[in-house]
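The block underneath contains the structure these notes are about, expressed in structure tokens.
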Protein chains: 2
Amino acid sequence: MVQIPNPPAPAPPAPKRSVPTSADVARLAGVSRATVSYVLNNARAVRISEPTRRRVREAARELGYVPHAAARSLRAGHSRMVLMPAPAFPVGPLYSRFINELQAALSLLDYTVVQHGTIGVHDDEAARAWAELRPVAVLVPGSGLGPRGVEVLKRSGARAVVTLGPETVEGAHALLMDHDVVGHSAGAHLFDTGRRRIGVVVPGERGLDTFSAPRLAGVRAAVRGTDATVTELPLAHDEEAAASLARRWRDLGLDAVFAYNDEYAMLLMRALQDEGIRIPEETAVVGADDLMLGRLLRPRLSTVHLELPSGQELADLVDRAVRDPSASPEAHKVLGARTIRRDST
Amino acid sequence: MVQIPNPPAPAPPAPKRSVPTSADVARLAGVSRATVSYVLNNARAVRISEPTRRRVREAARELGYVPHAAARSLRAGHSRMVLMPAPAFPVGPLYSRFINELQAALSLLDYTVVQHGTIGVHDDEAARAWAELRPVAVLVPGSGLGPRGVEVLKRSGARAVVTLGPETVEGAHALLMDHDVVGHSAGAHLFDTGRRRIGVVVPGERGLDTFSAPRLAGVRAAVRGTDATVTELPLAHDEEAAASLARRWRDLGLDAVFAYNDEYAMLLMRALQDEGIRIPEETAVVGADDLMLGRLLRPRLSTVHLELPSGQELADLVDRAVRDPSASPEAHKVLGARTIRRDST
DNA sequence: TTGAAAGCGCTACCAT
DNA sequence: ATGGTAGCGCTTTCAA
């Protein structure tokens, strides 16, 4: 290492070259842009000599050339981008796994999956924001998209719009996930095990009503026409709220509760136990989602196990829809639910 | 309504109009494309008469015109897209909230946040995939991005690359989240409360080693030079694995365990209790992440509370970096940790 | 106040 | 086998 005394003022760090384009690659390789495109895209319709290919690839590597997706899809008239809104609240392991499966499956079909952070933007405005990206398909969980939004997306070239939610939307494919069945399964289970005065926890957090409302309705439906009663129990996800509910528990005179999901079940069960209420003797508790934590509680938590569609299925639906956009929208009921009895009921 | 007998073969449903462009809007409004652009972008430098503005807006509305983001950013030479990889494993409420804050803050600064579903794609390949979208900034949690990846992104015009992880990466800004401090806090707490033979749970799930390794190292560092010992305890997130570990617990001769996080702590604590081991008398247990569930366990779980940076802070860092890309990369230590003592230690 | 036109990076058609 | 080039949708300068 040579010692350099008094180096001059520090040189500006690497004079920010501008972004290399295919023209730069062509220049460096001594060929035309067309040839570059052919080589880098492995165009089969055209024969390029092996030496030329090498020169082009070498030049691209040397410049650190990365094709410009926007230019490409502008030229092509379409993209392979599948867009979905990023969830606005913490999602459990179930949904996480579903998303990952989906991404993997779509990647294999050569789509690019992108979650768009749409926050505080409502309905049609969100649809417009998505449409600007000209995705080839849009997947929307929940019930945030109306027929107008679907129309905007289709008018902007989306070849498939799929909703994952409680109801079908005009013009869109639907994976019907009616959480009704979850409540129904829980309600039926509680009724079958002799419970007649059933409470149903309804979380305070907004954004969850998409799920909680149908789950409640499902319980109601399950015991309709019987002598059982259903009581709605609003509950925030916080210890104090749970304790307060537990304190007036005996006054409520309930012999069972469907706690919305396993986490709320854990919260409520703890509060009830602290209040000295015996589970399941005095009150049966059933959760939902079949999380690990339910098995770790004492008594072990009975829970409604959900069967989500596989990511693969949805990916296939998307691909089919993209290939044949004229096909009329499919609607699939995809949510299965069965109650797993453990020790809390 | 005229009755038409024997209608011919069902007409193709709504002859798929093609996507309206600003030229279509111009035509319908009877103006030039330039005028359309001025009106729809509220160009201040140019005065357009009110009647014209109305005609243009009306035409745009009628056609359902949505500008084409790719064309726009192609012309502009840059986009306002901030890209981050979508997490490949279930993330807890902490991280979820962080992402949401970040998205909200960036939206306010007029950026579009997009999570790119990069799955099964490694390192530089991932960086290339991201670079194709020409994001103005890239945020990468974890340690999946090397100096080469950073270089690819910068060469493709990314004005800011920020890593959120254990170490700085050449050329990128860094939010240093060294989980070291988490283990350190737990280790110190256990030591201070008189424990000397400390176990540290290391989750079996891959993808988590980014966090678990430094957490383990932190515990080691905390008791270095003392008479305390640290024992690594590999553990899968499953009941059987926990039970098996609990069965050989007494042989291990440990008097404390840092369980990686609250969920693993719950898993292990349950197994230990089922084995008849008294907590905290025989073994102290401390988790991390300060989740609600820790407060619901009995004994209440001591835990390491993490202080993540606020989404706002990161958004500001990104914005600063985008505005002045020449500024040399900042590195901030942003992970705070303090142990909250409850009843399990 | 409005319009004509260039050009962003890329691909695919048509020549050579 | 390779090159020239039009044109995707948009913004912006320059002219009228």
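So that the names make sense, note that chain A is the first sequence line, chain B the second, and so on, each numbered from 1.
- A straight line from CZ of B:Arg54 to P of C:dT1 spans 15 Å, rounded to a whole angstrom.
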- Given the rule in the side chain to side chain contact (heavy atoms under 4.5 Å, CB included) test, do B:Thr118 and B:Trp130 qualify, once you have shown the distances and angles that lead to the verdict? CA-CA 9 Å; B:Thr118 318; B:Trp130 304 337; 2.8 Å; yes
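- Summarising the geometry, the separation between OH on B:Tyr38 and P on C:dG3 is reported as 11 Å, rounded to the nearest angstrom.
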Pairwise N/O distances under 3.5 Å, protein to nucleotides 8-11 of chain D:
from	atom 1	to	atom 2	distance (Å)
D:dC8	O2	A:Arg75	N	3.3
D:dG9	N2	B:Ala71	O	3.3
D:dC10	OP1	B:Tyr65	OH	2.5
D:dC10	OP1	B:His68	N	3.2
D:dC10	OP2	B:Ser22	N	2.6
D:dC10	OP2	B:Ser22	OG	3.3
D:dC10	N4	B:Arg33	NH2	2.0
D:dT11	OP1	B:Asn41	ND2	3.3
D:dT11	OP1	B:Arg72	NE	2.8
D:dT11	OP1	B:Arg72	NH2	3.2
D:dT11	OP2	B:Ser37	OG	3.3
D:dT11	O2	B:Arg75	NE	3.4
D:dT11	O2	B:Arg75	NH1	2.2

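- Under 4.0 angstrom from either OP1 or OP2 of C:dT1 there lies no side-chain N or O belonging to B:Ser49.
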- Item | Full working for salt bridge (Lys or Arg N to Asp or Glu O under 4.0 Å) between A:Asp319 and A:Arg323 | CA-CA 6 Å; A:Asp319 191 46; A:Arg323 297 176 113 93; 2.8 Å; yes
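- To the nearest angstrom, P of C:dT2 lies 8 Å from CZ of B:Arg55.
- Formation of a donor-acceptor pair under 3.5 Å by the B:Glu101 side chain with backbone atoms of B:Phe98 is not found in this model.
- Distance, A:Ile48 CD1 to D:dG3 C1': 10 Å, rounded to whole Å.
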Please report, to 0.1 Å, the donor-acceptor pairs under 3.5 Å made by any side chain of residues 75-85 of chain A, with sequence neighbours excluded.
from	atom 1	to	atom 2	distance (Å)
A:His78	ND1	A:Ala76	O	3.4
A:Ser79	OG	A:Met81	N	3.2
A:Ser79	OG	A:Arg134	O	3.1
A:Arg80	NE	A:Asp110	O	3.4
A:Arg80	NH2	A:Leu109	O	2.7

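- Residue-level contact check: A:Ser73 touches neither bases nor backbone, having no heavy atom under 4.0 Å from any strand.
- In this structure, the CG atom of A:Asn42 is 16 Å from the C1' atom of C:dC10, given to the nearest Å.
- Side-chain N or O atoms of B:Lys154 include one that pairs as donor or acceptor with a backbone N or O of B:Gly171 at under 3.5 Å.
- If you check every strand for non-hydrogen atoms under 4.0 Å, B:Val46 touches a base.
- The side chain of A:Thr35 contributes no N or O atom lying less than 4.0 Å from OP1 or OP2 of D:dT2.
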- Mind running side chain to side chain contact (heavy atoms under 4.5 Å, CB included) on A:Leu145 and A:Val150 for me, showing each step along the way? CA-CA 7 Å; A:Leu145 189 70; A:Val150 174; 3.8 Å; yes
